[in-house]
Amino acid sequence: MKLPDKSTSLEAAVARIPDGATVLVGGFGVPGTPFSLIRELQRQGQKDLTLVKNDANEAGMGIDHLLASGQVKKLIVTHLGLNANAIAMMNDARLEVEFCAQGILAERIRAGGAGIPAILTDIGIGTELALGKQVVEMNGKPLLVEPALRADVALIHADRADPFGNLAYAATARNFNPPMAMAATIVIAEAERLLPLGDLSPEEVETPGAFVDQVVELPEISEDYGVVRR
Amino acid sequence: MKLPDKSTSLEAAVARIPDGATVLVGGFGVPGTPFSLIRELQRQGQKDLTLVKNDANEAGMGIDHLLASGQVKKLIVTHLGLNANAIAMMNDARLEVEFCAQGILAERIRAGGAGIPAILTDIGIGTELALGKQVVEMNGKPLLVEPALRADVALIHADRADPFGNLAYAATARNFNPPMAMAATIVIAEAERLLPLGDLSPEEVETPGAFVDQVVELPEISEDYGVVRR
Amino acid sequence: MSDVKLPEVKPIDPRTRMVARAARDITPGMVVNLGIGLPTKVINHLPADLPVCLHTENGMTGIGPTLPYEKADRNLIDAGGAYVSPVSGSAYFDSVVSFALVRSGRLDLTMLGAFEVAQNGDLANWKIPGKFSPGAGGAIELAQKARRVVVMTTHTDRKGNPKLLERCSLPLTAERAVDRIFTDMAVIDVTPEGFALRELAEGVSVTEVIAATGAKLILPDTDIPTF
Amino acid sequence: MSDVKLPEVKPIDPRTRMVARAARDITPGMVVNLGIGLPTKVINHLPADLPVCLHTENGMTGIGPTLPYEKADRNLIDAGGAYVSPVSGSAYFDSVVSFALVRSGRLDLTMLGAFEVAQNGDLANWKIPGKFSPGAGGAIELAQKARRVVVMTTHTDRKGNPKLLERCSLPLTAERAVDRIFTDMAVIDVTPEGFALRELAEGVSVTEVIAATGAKLILPDTDIPTF
């Protein structure tokens with residue numbers, strides 16, 4: 001036995017995304033955002049996408065390109081604070097936005113990746129984020145049912161990968177990438193370095209390759225990934 | 001600022017466990033079982049304990065000592081297959097045993113460590129493990145409510161630790177240790193090596209020290225931890 | 001070229017033949033969990049160049065050969081307690097991630113033992129009330145959630161009683177879980193219509209299989225291959 | 001010995017004074033999350049030898065000093081987007097673990113900004129309908145689950161309207177969440193009876209605080225310390 005090889009090109013990997021797909025996109029601000037996969041998705045032009053991401057990046061960066069190109073029907077995020085374009089589109093009803101508490105978004109995606117249909121939580125009770133949600137009593141206490149969020153596709157940014165799809169991340173570029181890398185039918189990871197099988201130690205792997213479908217080595221680390229001087 | 005130092009002795013750490021405590025115990029078979037903490041708990045003699053562990057170790061090993069000394073009132077496990085003593089005690093009603101599906105035990109503990117009151121799952125539906133459990137309908141499908149399992153104490157075995165309580169594990173000695181290390185009021189970790197602060201890289205930490213209360217460096221790696229020749 | 005004969009290994013032991021046959025159901029790209037006992041032996045029959053990922057529920061993907069005690073790593077076992085080794089590309093993870101993999105559809109195939117299998121796919125393999133009740137470990141999730149569930153078992157128990165039944169009498173591990181059964185006598189699929197005979201072990205007749213099976217057996221119209 | 005004077009830093013800016021006062025509420029052993037904006041500045045006022053663990057919800061414990069752009073690691077930011085550095089003993093983790101820490105009681109203290117705080121502890125700090133609705137990010141969980149929730153805010157808004165109120169008029173971040181409020185005028189605790197004045201900023205009178213507060217203020221029987 002040997003482990004399957006899942007390495008491919010940016011173009012081939014992104015071509016697997018159909019119109020209308022729900023797509024998990026890693027990243028919290030710049031770190032961990034799969035800028036190259038996003039740009040290829042913009043280039044290929046798939047439409048009617050639902051994106052799930054912590055934030056909408058900043059104007060002119062990352063998924064803002066997909067918003068600007070009209071490829072996005074709906075956004076599920078925790079905040080849009082840094083992207084005035086996204087806020088304007090939401091206010092003009094050109095973009096449907098669903099807000100989720102940050103840790104609950106992470107938990108819903110994790111549940112999707114863990115084959116858990118839903119979690120029960122008290123987070124958001126007493127706020128407008130609880131409106132319309134199913135309530136269950138446990139030990140006499142009301143709890144919200146937060147359903148798992150599993151997607152068609154996940155776009156992941158890793159620091160290191162091997163051809164089987166084992167992934168490791170850098171510093172705070174982890175954020176939503178590890179849970180998202182377990183929670184989609186097609187998990188596509190871009191990696192800054194694609195190492196030969198065996199060069200990532202089994203201890204160092206943070207996302208086991210068994211969850212990952214396609215690995216793409218980035219030909220270059222573009223300016224998108226750099227330090228942002230505000 | 002510097003990070004707090006939580007290193008202490010085996011004796012002092014275990015002395016924090018009161019009679020009647022619910023105690024999570026890491027390990028799957030030998031790897032990851034905190035044998036030294038268990039032996040000290042046997043020596044100190046705390047009584048009426050509820051233990052939560054994947055398995056009951058083997059006769060004459062690990063938590064079997066606590067069963068033999070009569071310190072354990074109840075055991076929550078996934079199987080007892082390797083420990084005839086435990087099975088005999090259960091059959092003679094000298095030990096209350098609650099069985100849990102392995103991955104659901106892991107999820108219940110994880111939920112405890114994640115501040116999630118319960119998960120909904122279809123695991124066990126149609127089996128006797130579903131009997132007596134609260135059922136919730138979601139999208140017309142019945143799901144079992146599996147409540148979080150958070151304990152008074154967790155006994156963890158780590159490969160490496162630093163004085164703040166950051167932990168890293170060896171190979172399949174991970175198993176239940178990472179979720180348990182997040183799911184108790186008092187988390188006590190024994191470590192094969194206690195490294196100076198800074199010698200565990202931030203990337204290498206698997207359990208952040210913020211979840212851990214006490215760290216004990218093992219004076220020696222006893223035979224308990226060795227290869228078992230069956 | 002056609003007269004070049006490939007070396008053919010014909011194991012005589014019927015169990016080994018069953019194990020070798022089961023191994024042929026593992027196809028390129030699969031993530032596979034092999035249960036304790038007979039299923040573990042399937043490893044010995046997989047081609048060296050088959051791209052496949054073995055999973056063990058105590059927290060590892062990419063399982064390499066079992067090691068003798070002298071060479072064993074005390075921290076590296078499979079779920080059955082065997083001392084295993086890593087391969088290039090192995091990963092270690094905790095029990096939470098391990099069962100996330102099982103439940104979320106990433107496990108393509110599991111091979112399990114059985115006490116009883118019913119013609120609707122119900123599986124009983126963890127408890128014999130009053131006699132044997134050590135707990136199910138990870139079997140419930142493996143049986144309920146692997147994309148394909150295959151059972152390996154002797155066709156009858158030690159007393160000669162059938163293990164393939166109309167209904168299970170023992171407590172279930174999972175409902176409607178089993179897709180295929182490999183026994184020392186036959187390969188049988190669980191279909192919406194019930195048990196369907198697919199293959200016969202060499203030297204075993206259809207009549208013998210019918211006699212050893214506790215439920216209706218659907219026979220194919222065509223010749224039955226042997227293994 | 002008693003005539004040895006310790007050097008005393010008296011910042012003139014009332015906000016800096018508030019930040020320095022808030023820093024004194026961070027005690028040894030705490031795990032602390034400092035919200036974006038004013039709370040982040042608390043770091044500058046913590047003693048170098050104070051054993052404390054700073055947490056940022058994007059996935060790090062053990063936050064070290066902010067770095068200039070030239071020295072920044074592009075992959076290492078805090079939740080506010082500042083380029084930070086690690087300390088000896090830092091740990092990185094994903095968003096799942098980060099909020100597990102927040103919700104499970106391991107976060108001893110969070111310091112947050114506010115639009116409004118009610119006398120029962122209700123907090124509004126994420127949305128002004130029709131004007132400002134960027135989403136709450138991690139604020140809901142921080143406010144609802146930190147063991148101690150402290151707010152840092154100017155006592156009144158830019159128009160001079162009070163931010164401490166009988167009831168919040170804006171959508172809530174969390175109910176009954178706030179334990180203490182640091183403002184440029186006072187330190188006020190949320191008690192079962194309502195707002196209780198604990199300390200006054202230097203040069204601010206009780207009358208001024210009462211006038212700037214939109215709810216009843218419980219005054220102590222004893223002298224009121226200044227900060």
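Lettering follows sequence order; numbering is per chain, from 1. Remember, predicted model here, so these are calculated numbers, not experimental data.
B:Asn166 contributes a side-chain N or O that, together with a main-chain N or O of D:Gly89, makes up a donor-acceptor pair within less than 3.5 Å.
Pairing each heavy atom of B:Gly112 with each of D:Ser104, the nearest pair is O-CB, 4.2 Å. A pairwise comparison of heavy atoms in B:Leu3 and D:Ser90 identifies CD1-N, 4.1 Å as the closest pair.
Within the model, atoms NZ of B:Lys2 and CG of D:Leu50 stand 9.0 Å from one another, a figure rounded to the nearest 0.5 Å. Put simply, CG on B:Leu200 and OG on D:Ser88 are 11.0 Å apart, with the number rounded to the nearest 0.5 Å.
Around CZ of D:Arg147, the count of heavy atoms belonging to other residues, nucleotides or ligands within 6.0 Å does not exceed 12. Heavy-atom neighbours of D:Arg198 CZ from other residues, nucleotides or ligands within 6.0 Å: above the threshold of 12.
With a 4.5 Å cut-off on side-chain heavy atoms, D:Arg106 and B:Val212 do not count as touching. With a 4.5 Å cut-off on side-chain heavy atoms, B:Phe211 and D:Val97 count as touching. A heavy-atom distance below 4.5 Å is not found between the side chains of B:Pro208 and D:His55.
If you tally non-hydrogen atom pairs under 4.5 Å between each of D:Cys53, D:Gly105, D:Pro47 and chain B, the highest count goes to D:Cys53. For the options B:Thr207, B:Asp213, B:Asp162, heavy-atom pairs under 4.5 Å to chain D are most numerous at B:Asp213. Comparing B:Arg150, B:Lys6, B:Arg110, B:Met182 by how many heavy-atom pairs each has under 4.5 Å with chain D, the most go to B:Arg150. When each of B:Pro202, B:Gly115, B:Ala210 is checked for heavy-atom pairs under 4.5 Å with chain D, B:Pro202 comes out on top.
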* Audit row: D:Arg103, B:Ile116, side chain to side chain contact (heavy atoms under 4.5 Å, CB included) steps and yes/no -> CA-CA 8 Å; D:Arg103 284 188 308 263; B:Ile116 299 294; 3.8 Å; yes
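Contacts between D:Tyr92 and chain B at a heavy-atom distance below 4.5 Å involve backbone atoms as well as side-chain atoms.
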